[in-house]
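Because the structure is a prediction, the values reported are computed rather than measured.
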Amino acid sequence: MENKEITILSNIIKRRRSIFPVSYTQEEVPVEVIRQILESANYAPTHKLTEPWRFIVFRNEGKIKLGQELARLYKESTPSNQFLQKKYDSITEKAGQASCIITLNAKLHSDKIPEWEELAALACAVQNMALTAEALQVGAYWSSPGMIADLKEYLNLGEHEKCFGLFYMGYHNEESREAKRTPIDEKIKWIES
């Protein structure tokens, strides 16, 4: 027998999808809503309470400049015979379509715990953000283009900080779609003796 809270949570988890900037409307996501989404990130599990997640929110002209920097890095790091003008243009277009872009950074405490555990904590924080965004009817998706490896200076990250992705957000009119998942029973082994 399911209680009401579990049913609500389960529905949010099953509804959550990556919603891409091309589907975003021009309606701005208010700062209070962005803060609410980020506040939920702060309650992710974290080994030894390192709370490694660090976020930088880009809005308005800030997100446009971030898009331009990402496009510049793409052009700079791509051999001319592999460079695609369409991809270059899409980087800045996505920045313009999003209401905000949040960089997903982690402060790594390698002296305390392994990097993978810090990254797992960041991923849990991002999942909290994605679920909260879904509950608030805000489209979101985690992007991790190769250029993020070169954003350290642009983001003014500290010595032990690293960018692991971009979280695009915006209101949208996209129809809900069913998840494409294989049955969980195919992914479980039970050992009882």
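Under a 3.5 Å cut-off, the side chain of T132 and the backbone N or O of S40 do not form any donor-acceptor pair. In terms of modelled atom types and a separation under 3.5 Å, the side chain of E118 and the main chain of H109 share a donor-acceptor contact. A donor-acceptor pair under 3.5 Å is absent between the side-chain atoms of K48 and the main chain of I113, judged by distance alone. Between the side chain of K187 and the backbone N or O of T182, at least one donor-acceptor pair lies under 3.5 Å. Looking at Y24, its side chain does come within 3.5 Å of a backbone N or O of I19 through a donor-acceptor pair. Checking side-chain atoms of T78 against main-chain N and O of Q82 turns up no donor-acceptor pair under 3.5 Å.
By the neighbour-count criterion of 12 heavy atoms within 6.0 Å, atom NZ of K107 is sparsely surrounded, having that number or fewer from other residues, nucleotides or ligands.
Of the inter-residue distances, the one linking F167 atom CZ with I37 atom CD1 reads 7.0 Å to the nearest 0.5 angstrom. Put simply, CG on L108 and CD on E117 are 12.0 Å apart, with the number rounded to the nearest 0.5 Å.
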>> Determine whether R35 and E32 satisfy the following criterion, salt bridge (charged side-chain N to carboxylate O under 4.0 Å, His left out), listing intermediate values before the conclusion.
In response: CA-CA 5 Å; R35 290 185 70 77; E32 303 78 42; over 6 Å; no
> So C163 and L157, side chain to side chain contact (heavy atoms under 4.5 Å, CB included) or not? Walk me through it.
Replying inline: CA-CA 8 Å; C163 181; L157 298 179; 4.2 Å; yes
> So N105 and W53, side chain to side chain contact (heavy atoms under 4.5 Å, CB included) or not? Walk me through it.
Replying inline: CA-CA 6 Å; N105 313 307; W53 43 83; over 6 Å; no
> Can you list the steps and then say if E76 with R72 is a salt bridge (charged side-chain N to carboxylate O under 4.0 Å, His left out)?
Replying inline: CA-CA 6 Å; E76 191 177 272; R72 184 191 71 76; 2.6 Å; yes
>> Please evaluate residues L84 and Y74 with respect to the criterion side chain to side chain contact (heavy atoms under 4.5 Å, CB included), reporting the C-alpha separation (whole Å), side-chain torsions for both, the decisive distance (0.1 Å), and the verdict.
In response: CA-CA 10 Å; L84 300 172; Y74 166 70; 3.7 Å; yes
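The hydrophobic clustering, which links ILVMFWY residues whose side-chain heavy atoms are closer than 4.5 Å, places L66 and I56 together.
Judged by the 6.0 Å and 45° rule, K94 forms no cation-pi pair with F20.
Considering R15, K14, R16 in turn, R15 is the only one that fulfils the salt bridge (charged side-chain N to carboxylate O under 4.0 Å, His left out) rule with E134. Each of L151, L155, I91, T92 was evaluated against E69; a single residue qualifies, L151, per the side chain to side chain contact (heavy atoms under 4.5 Å, CB included) test.
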